[in-house]
Amino acid sequence: MIRFLNSLSRAVEPFQPLDPAGKVVKMYTCGPTVYSFAHIGNFRTYLFEDLLQRHLEARGYTVNRVMNITDVDDKTIRNSRAADVPLAEFTEKFTAAFFEDMRTLRIKDANVYPAATDPENIAEMIVMIDFLVKKEIAYQAEDGSVYFRINRFADYGHLAHLDLDELRPSGRIQSDEYEKESLGDFALWKAWDVADGPVGWDSPWGRGRPGWHIECSAMATRILGPQVDIHCGGVDNLFPHHEAEIAQSESYTGKKFVRFWLHSAHLLVEGQKMSKSLGNFYTIRDLIGRGFTGREIRYALLRVNYRLQLNFTFDGMVEARQSLLRLDEWIHRLRDLAAEAPPDKEYPPATSDSFFAALDDDLNISAALAELFKQIRTTNQLMDANELRPGQAAALLQWWENVNQVLQIQSNEEMIPAAVEELLRQRAAARTAKDWQLSDALREKISDLGWTVKDTKDGQKPTKTR
RNA sequence: GGCGGGGUAGCCAAGUGGUAAGGCCGAGGUCUGCAAAACCUCUAUUCGCGGGUUCGAUUCCCGCCCCCGCCUCCA
């Protein structure tokens, strides 16, 4: 039985999808706002969602996941105008970059990636807002924008456990919002402003653009229906974004919008909040540029439970790299031993469920990885003692296939480049001649090309190390 | 001020009312021409601090200290 810590109840609850057949899981994940390259903090959340999806699938569920692309908001408009590029062209570039980074991190594609500006989504938003206005749950203020009247939704504040009477104005509330009836009312439709330039859509309330919160409500409802099983995002979205989504969606459909809310904690970098001014702001591209691979980044960001703040450090990246090399080594040994042998399906360690059982418990990745590494150590011991049979090794590889289906951290097998092949040939000759000096010099050269060569009783074994 | 998360070995981190998983780093060893890899041994008598409950608490209760996040559009 899978259990999740539901932000709504703040309790661990057994998970069951709404689907009467108990098979399909409807999942909505808040996606990127494509105004620049997404950073590693964003991807921490997307990686958590990927782990969630893959584990649900490992447990036999079919996940129908939607991830939205926010391609119109203050920042996209501001940055596109600053770059003097039309909005669509501007966001297109960062949307493409986003997908590229997702592939680098081996994140599984969502079933649908709706964009806020898709005509069908704008239309859906207008239908929803229109409904809310007619019910007087929303109103058009003097500035032309349409706002949601939060005191018409009794449950507002429930998810975040906020007492609205205690909300005090912060510096972020600008004086230009005085048109609202109540401080907490949020925009559903933003009236066109000169700063919006050519960006805008016609609506019953005049030209304007959608508010951020309504996007998700409209897209989730249009694609997944009035109720979704799991809705995820970063904790920062818990309030007001998700609170607003609940208010809008439930006021519109009259049904409970989301059954399980899962929120991932934020990322710190070297113990501090990531910010451009501190110079500790990293994108996936930045880390690739520093010589790290996608799977190393994936592992580093995935290995701490999503509910905990993760302190991203370069020491942590090295730890990730070293752990993965140990894993690679284990796989290579198993493959060499297994060769073409048929898997021994009766071999108990290869039938172990402990890795997945650990993930059942609110995605306890630390405990799950511990199970993996215990498996690695015990099978290495057996192989050292020559006590593992080929069929057992083959069975363990099948077990690993299943685990890797969730983790996605196996190395991509690299072809040995011709230059390395040549050096290996020369080195083999030197070793036959017992010319150790030359042998060591050639090992250095090979190392310079990014390959480590090990001498075993079966000869040289090269592995790519960077 | 309100709400929430966290303080476990050098670092990351799991965990339970019964005596501390796992990973990385480090030291020594086996193996090796030397390495590498793998394995073995060592590395927290102790889980922020002080009380309490209990036969027994890191785990439950009370108080305190420290770090971090959110409090209206930031994953």
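Heavy-atom basis, side chains included; hydrogens, waters and symmetry copies ignored.
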Next on the checklist: Counting the atoms with a prime plus P, OP1 and OP2 as sugar-phosphate, which does K457(A) contact under 4.0 Å by heavy atoms, base, sugar-phosphate, or nothing?
Outcome noted: nothing

Item to check | Any strand: nucleotide that pairs with rC25(B) via Watson-Crick or wobble, under 3.5 Å | outcome: none

Item to check | Identified pairing partner of rA38(B), criterion: Watson-Crick or G-U wobble below 3.5 Å | outcome: rU30(B)

Next on the checklist: For R44(A) versus N305(A), what's the shortest heavy-atom pair and its separation?
Outcome noted: NH2-O, 2.9 Å

Checklist entry - F239(A) side chain: which of rC74(B), rG33(B), rC71(B) is closest? => result rC71(B)

Item to check | Touch class at under 4.0 angstrom, heavy-atom based, for T456(A) against every strand present | outcome: nothing

Item to check | D74(A): partners by side chain to side chain donor-acceptor pair (under 3.5 Å), with sequence neighbours left out | outcome: R209(A)

Checklist entry - Residues in ring pair (Phe, Tyr, Trp, His ring centres under 6.0 Å) with Y282(A), at least two apart? => result F314(A)

Next on the checklist: Under 3.5 Å, is there any donor-acceptor pair linking the side chain of D455(A) to the base of rC34(B)?
Outcome noted: yes

Item to check | Q381(A), nearest nucleotide to its side chain (from rC39(B), rC70(B), rG33(B)) | outcome: rC39(B)

Checklist entry - With a 4.0 Å cut-off on heavy atoms, is H266(A) in touch with a base, just the backbone sugar-phosphate, or nothing at all? => result base

Next on the checklist: Going by side chain to side chain donor-acceptor pair (under 3.5 Å), name the residues that satisfy it together with K93(A), two or more places apart in sequence or in a different chain.
Outcome noted: none

Checklist outcome for this item: Side-chain contact check for W212(A): nearest option of rA75(B), rC71(B), rG15(B) is rA75(B)

Item to check | Base rA37(B) to side chain R333(A), donor-acceptor N/O within 3.5 Å cut-off | outcome: no

Checklist entry - Reckon H39(A) touches a base, only the sugar-phosphate, or nothing at all at heavy-atom distances under 4.0 Å? => result base

Item to check | Watson-Crick or G-U wobble partner of rG69(B), both distances under 3.5 Å | outcome: rC3(B)

Next on the checklist: Just to verify, what does K108(A) make a salt bridge (charged side-chain N to carboxylate O under 4.0 Å, His left out) with, not counting sequence neighbours?
Outcome noted: E57(A)

Item to check | Test of ring centre spacing under 6.0 Å for F94(A) and F90(A) | outcome: yes

Checklist entry - When we call it a touch if two heavy atoms are under 4.0 Å apart, what does G41(A) touch: a base, just sugar-phosphate, or nothing? => result base

Next on the checklist: Using 30° and 60° as the class boundaries, would you call the ring planes of W212(A) and H241(A) parallel, tilted or perpendicular?
Outcome noted: parallel

Next on the checklist: Looking only at the side chain of N380(A) (C-beta and beyond, no hydrogens), which of the listed nucleotides rU72(B), rA36(B), rA38(B) gets closest?
Outcome noted: rA38(B)

Item to check | Base-contact (B) and sugar-phosphate-only (S) positions in nucleotides 20-30 of chain B, heavy-atom cut-off under 4.0 Å, - elsewhere | outcome: -BSBSS-----

Next on the checklist: With rounding to the closest Å, how many angstrom separate the P atoms on rC47(B) and rA9(B)?
Outcome noted: 10 Å

Checklist entry - Whole-Å distance between rC12(B) P and L267(A) CG? => result 14 Å

Next on the checklist: If the condition is side chain to side chain donor-acceptor pair (under 3.5 Å), which residues does R285(A) pass it with, not counting sequence neighbours?
Outcome noted: D101(A)

Checklist entry - Is the gap between the ring centers of F153(A) and Y156(A) under 6.0 Å? => result no

Checklist entry - So which nucleotide does rU19(B) pair with, by the Watson-Crick or G-U wobble rule with both distances under 3.5 Å? => result none

Contacts under 3.5 Å, N or O only, protein and nucleotides 4-9 of chain B:
residue : atom : partner : partner atom : Å
rG4(B)  : OP1  : R10(A)  : NH1          : 3.2

Next on the checklist: Going by the rule salt bridge (charged side-chain N to carboxylate O under 4.0 Å, His left out), which residues pair with D362(A) if we only count those two or more places apart in sequence or in a different chain?
Outcome noted: none

Checklist outcome for this item: Y35(A) meets the side chain to side chain donor-acceptor pair (under 3.5 Å) criterion, sequence neighbours left out, with none

Checklist entry - For the pair made of CG in D384(A) and P in rC39(B), what is the distance, rounded to whole Å? => result 7 Å

Checklist entry - What interatomic distance, in whole Å, is found between C1' of rG6(B) and the corresponding atom of rA38(B)? => result 37 Å

Checklist entry - Does rU59(B) have a Watson-Crick or wobble mate here (both distances under 3.5 Å), and if so which one? => result none

Item to check | Phosphate OP1/OP2 of rG15(B): any N364(A) side-chain N/O under 4.0 Å | outcome: yes

Next on the checklist: Say we look at rG18(B) and rC61(B): how far apart would their P atoms be, to the nearest angstrom?
Outcome noted: 15 Å

Item to check | side-chain N/O K273(A) vs rC70(B) OP1/OP2, d < 4.0 Å | outcome: yes

